[in-house]
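Shown next, in C-alpha cells, is the structure this report addresses.
Proteins come first, then strands; the chains are lettered A, B, ... in the order of their sequence lines, and each starts at number 1.
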There are 2 protein chains.
Amino acid sequence: MDDIGHTDRPEHEGISVRATRIQDVAKLADVSTATVSRALATPERVSPEARARVLEAIAKTGYVPNPAARTLRSQKTYMVLVVLPDLANTFFSKILRGIEETLFEAGYGMIISDLDGSPEKEAHFAAFTAAGRVDGAILLNGHLFGQSREGEGKPARITIPLVALCEGIPGADIPQIEIDNRAAASRMTQHLASLGHRSIAYVSGPAINILERERFQGYMDGLAASRLPFDPALVIPGDYTIESGTRAGQDIVARQDRPTAVFCTSDEMAIGLMRTLFSAGLRIPADISVAGFDDIEFAGVAEPALTTIRQPRRELGQAAASALIDLLQGRPSPKRIRLETELVIRDSVASR
Amino acid sequence: MDDIGHTDRPEHEGISVRATRIQDVAKLADVSTATVSRALATPERVSPEARARVLEAIAKTGYVPNPAARTLRSQKTYMVLVVLPDLANTFFSKILRGIEETLFEAGYGMIISDLDGSPEKEAHFAAFTAAGRVDGAILLNGHLFGQSREGEGKPARITIPLVALCEGIPGADIPQIEIDNRAAASRMTQHLASLGHRSIAYVSGPAINILERERFQGYMDGLAASRLPFDPALVIPGDYTIESGTRAGQDIVARQDRPTAVFCTSDEMAIGLMRTLFSAGLRIPADISVAGFDDIEFAGVAEPALTTIRQPRRELGQAAASALIDLLQGRPSPKRIRLETELVIRDSVASR
DNA sequence: TTGAAAGCGCTAACAG
DNA sequence: CTGTTAGCGCTTTCAA
C-alpha cells in the first residue's frame with residue numbers, strides 16, 4: 001500500500017534507520033524507561049549518576065522523544081495556535097517573531113492559522129483546537145471561535161486557555177494584550193493640531209472593529225484637547241487596506257474644501273492615499289499632510305517618509321506568549337497588559 | 001500539580017467535558033471501534049447501514065479523532081513543515097496561502113518555520129522534523145537542513161519527503177518548483193534595452209544565492225540578445241532588502257556617469273532605491289528608469305508605480321504542495337516544475 | 001531514588 | 001463485512 005515505505009530494522013553503515021526509542025536509551029544506560037523519562041522531565045528526582053548515564057546514552061543515540069506518544073500519554077501537545085485575520089499583512093510578521101521566540105524558550109511550538117476571512121477556515125481551526133492538537137491559542141482576530149457549523153452535531157467546546165492580542169475581545173474573560181489605541185490616536189491628532197492643522201480628516205478602519213472604535217475615540221479626544229470641533233464630513237471610511245486608502249484619496253481629491261491633514265488609521269491606507277493625492281498633483285506635505293498608524297517596514301521608505309505611530313510589535317508578541325504560558329502552567333496571568341506606543345515623526349506631515 | 005485541571009467526568013447540563021472517544025461512538029452505533037475507524041478511513045469497506053449508524057453517532061457526539069493516538073499508531077502526522085528564510089518578507093505570504101489551500105484539501109496541516117537567519121532555529125527544526133512531528137517538508141530557503149549541531153551526538157537523519165520551492169537546491173534529488181528566473185531576468189533586461197537604454201545597472205541578490213546566479217545569467221543573456229556590452233561596473237551588490245536598495249541608490253547617486261536604467265532583482269530593493277534617488281532630486285522615470293522583480297503588494301502603489309516581473313505566487317505554493325502530497329502518498333512526483341512569469345509594465349520605466 | 005506495569009486512543013493484522 | 005486483539009512510545013501511578 002505504501003510503496004515508499006522503508007524497511008524497518010536493517011542497519012546501513014551502522015546507523016539504524018528506525019528512530020531511537022526510550023527503551024533503547026534505558027537499556028544502554030542500564031535503567032528503566034521511567035528513569036529516562038524522569039531524567040528529562042524532573043532531573044532533580046533522579047540520582048546524579050543515573051542522570052549522567054542517561055544523558056550519555058541520549059547523546060550517543062541521538063534520542064528525541066516521540067511527541068505523539070508523549071502527547072497521548074500526558075494530554076499535552078506543547079503546541080500553541082496563533083489565529084490571525086491575514087498573514088499577508090506585514091504588520092503581523094514581527095508580532096509572530098515575538099510570539100515564536102517566547103514560546104520556543106518555554107518549549108512550545110507554534111501553529112499559525114490564517115483565517116483569510118473564511119468562515120470555513122475558522123470552523124476548521126475550531127475543530128482542530130477541539131481535537132486537542134494544541135494546548136492554548138493566541139487570538140489576533142478580535143473574536144472567539146465560531147461555535148458550531150450549521151447546526152450539525154454539537155458545537156465542539158473550546159476549553160483551552162486563550163489570550164487576545166491587539167484586538168481585545170470584549171466580554172471574553174481572557175488576558176488581553178494591546179496598545180492604548182485611544183491614547184495613541186489622540187496623540188497623533190494633537191500632534192497634527194499642534195502644527196496648526198484645524199481641518200484634520202480621519203480615515204477609519206472597519207466600523208465593527210474594536211480597534212477602530214478605540215482609535216476613533218482617540219481622534220475625538222485629540223480634537224477636544226486641541227479645542228477643535230468635530231466635523232463628521234471629515235471621517236472617511238476605510239478598512240485598513242491599501243485599496244481603501246486609495247479610495248479615500250479619491251474622496252479627498254474630489255472635495256472643494258480639502259482638509260489640510262489626513263490621519264489614516266493604518267500605514268497601508270496612508271500609502272495608498274498618498275499615491276492617489278500625488279497622482280492628482282497634490283504635494284505632500286506642502287499641500288496636505290498625511291499620517292499613518294503601525295509603522296510597518298514600508299513606512300520609512302514611502303515617498304515622503306511617513307509620520308506614524310509605532311507599535312512595539314515584537315514586545316506585543318512576547319507579552320501575549322508569556323501570558324499564555326502562565327495560563328498553561330497554571331500560574332495566574334495578568335488580565336490586561338497595555339504597551340506603550342511611539343510617535344514617529346518623518347516627512348509626510350508639515351506645519352501649516 | 002496542575003491546578004487548572006478540570007475534573008474529568010461530571011456532566012454539566014448534559015454535556016460531558018471529557019472528549020468523545022472512538023469507543024463512545026462505537027457503543028452508540030453498536031459496532032466495534034474498528035468499524036468506526038474504517039467508516040472514517042475507508043468507507044467503501046463498511047456496509048452502508050453500519051456506516052450510516054456510525055456517521056449518526058459521530059454527529060450526535062461531535063466526535064473528533066484524537067490526532068496523537070492516530071499518529072502514534074499509524075506513524076503519520078498529517079502535518080507538513082514549511083521552511084522559509086523570512087516570514088516578514090511579503091513575498092511569501094501568498095505562497096503560503098497556496099500551500100495551505102492545497103494541503104488542507106488533502107487533509108494535511110501546516111507548520112511554519114521562520115528561520116530568520118538563525119542556525120539554532122534551523123537545528124531546532126531539523127530535530128523537530130527528525131522527531132517525527134511532520135510527514136514532509138517544503139523548503140523555501142534554498143538548502144537542506146544542517147546536519148548536526150556541533151558534533152554532539154549523531155546527526156538526526158532526515159528521511160521524510162522534501163520539496164524545494166522557489167530556490168532550487170542543487171544536488172538534492174527532490175522535486176523543484178520554481179519560475180524560470182533566468183528567462184524572466186533576460187526578458188526585463190531586453191525590455192529596458194528595447195526602450196533605448198544602453199546603460200542598464202543590475203542590483204544583485206546575495207552572491208551565494210541560487211536565484212541571484214540565475215537572474216544574473218538572465219541579465220547577461222538579455223544584454224547579449226540586445227547586443228549590449230557587459231560592464232562589471234554596472235553590477236551593484238544587494239541582498240533583496242529595502243536597506244540594500246537604499247545603499248545601491250546612494251552608489252548610483254554618487255556616480256558621474258549614471259546608468260539610464262536600473263534593474264533591481266527584488267521589489268523591496270527597487271522601492272528603497274527609488275526613495276534614495278528621489279531624495280537626491282532625480283526624477284523617475286524621466287531621469288532614470290527603475291525596474292523590480294516579484295510584484296509584491298506595494299509595487300503597484302509605489303511612487304511611481306513599479307514596472308516589475310510578476311511571479312505566480314499562489315500557484316507556486318499549490319504546485320509545491322501537490323508535489324509533496326504525491327510523494328507522501330507514494331505517487332511519482334514531477335522532478336521539476338517551472339511556472340510562467342509576467343512582465344508588468346507600470347510607470348517607473350520610460351523610453352530614452 | 002527506582003522499577004514494574006498500566007494505560008492514553010487509535011489503527012492494522014488477523015480471524016471469522 | 002466485521003470483531004478481537006495487540007501494540008504505537010511514552011508518562012505516571014504505585015509499590016518497593
Quick check on [N]: is either OP1 or OP2 less than 4.0 Å from any side-chain nitrogen or oxygen of [X]?
X: A/Arg70; N: D/dT11; answer: yes
X: A/Gln75; N: D/dT12; answer: no
X: B/Thr35; N: D/dG3; answer: yes
X: A/Ser74; N: D/dT12; answer: no

When you compare the protein's N or O atoms with those of nucleotides 13-16 of chain D, which come within less than 3.5 Å of each other, and at what distance?
| residue | atom | partner | partner atom | Å |
| --- | --- | --- | --- | --- |
| D/dT13 | O4 | A/Arg38 | NH2 | 3.3 |

Residue met sooner reading DNA chain D from 5', once B/Leu72 and B/Glu44 are mapped to nucleotides: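 Nearest-nucleotide comparison on DNA chain D picks B/Glu44.
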Rounded to the Å, how far apart are [X] [atom1] and [N] [atom2]?
X: A/Leu40; N: D/dG9; atom1: CG; atom2: P; result: 17 Å
X: B/Arg53; N: D/dT2; atom1: CZ; atom2: C1'; result: 11 Å
X: A/Ile22; N: D/dG9; atom1: CD1; atom2: P; result: 12 Å
X: B/Asp30; N: D/dT2; atom1: CG; atom2: P; result: 12 Å

Under 4.5 Å between any side-chain heavy atoms of [X] and [Y], yes or no?
X: A/Glu100; Y: B/Asp114; value: no
X: B/Leu162; Y: B/Ile169; value: no
X: B/Ile337; Y: B/Pro175; value: no

B/Glu101: side-chain contact (heavy atoms from CB on, under 4.5 Å) partners, not counting sequence neighbours: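 B/Arg314, B/Gln318.
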Contacts of type side-chain contact (heavy atoms from CB on, under 4.5 Å), residue B/Leu84, not counting sequence neighbours: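 Partners of B/Leu84 under the side-chain contact (heavy atoms from CB on, under 4.5 Å) test: B/Val82, B/Leu87, B/Phe92, B/Leu96, B/Ile112, B/Leu140.
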Identified side-chain contact (heavy atoms from CB on, under 4.5 Å) counterpart of A/Val163 within the set A/Leu327, A/Ile174, A/Ile99: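 For A/Val163, the side-chain contact (heavy atoms from CB on, under 4.5 Å) check succeeds only for A/Leu327.
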Under 3.5 Å donor-acceptor, A/Thr61 side chain and A/Thr20 backbone: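 A pair under 3.5 Å: no.
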Using a heavy-atom cut-off of 4.0 Å across all strands, would you classify [X] as base, sugar-phosphate, or nothing?
X: B/Pro65; result: sugar-phosphate
X: A/Ala41; result: nothing
X: B/Ala50; result: sugar-phosphate

For the student: nearest non-hydrogen atoms of A/Val46 and A/Ala39, plus distance: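 Distance-wise, the nearest heavy atoms are CG2-N, 3.7 Å.
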Shortest non-hydrogen contact from A/Ala29 toward A/Arg53: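 Reported closest heavy-atom pair: O-NE, 2.8 Å.
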Sequence neighbours excluded, every pair satisfying ring-ring contact (aromatic ring centres under 6.0 Å, His included) that has a member inside residues 60-84 of chain A: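 Qualifying pairs: A/Tyr78-A/Tyr108.
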Carboxylate-amine/guanidinium proximity below 4.0 Å for A/Asp86 and B/Arg97: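 Salt bridge present between A/Asp86 and B/Arg97.
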Carboxylate-amine/guanidinium contact A/Asp24 A/Lys27, below 4.0 Å: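 Not counted as a salt bridge, because no side-chain N and carboxylate O are separated by less than 4.0 Å.
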Net bend of the helix from C/dT1-D/dA16 to C/dG16-D/dC1, end axes of five pairs each, nearest 10 degrees: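 Comparing the axis at each end, I get an angle of 30°.
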5' to 3' contact window, DNA chain C with chain B (heavy-atom distance under 4.0 Å):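 Result: C/dG9 to C/dA13.
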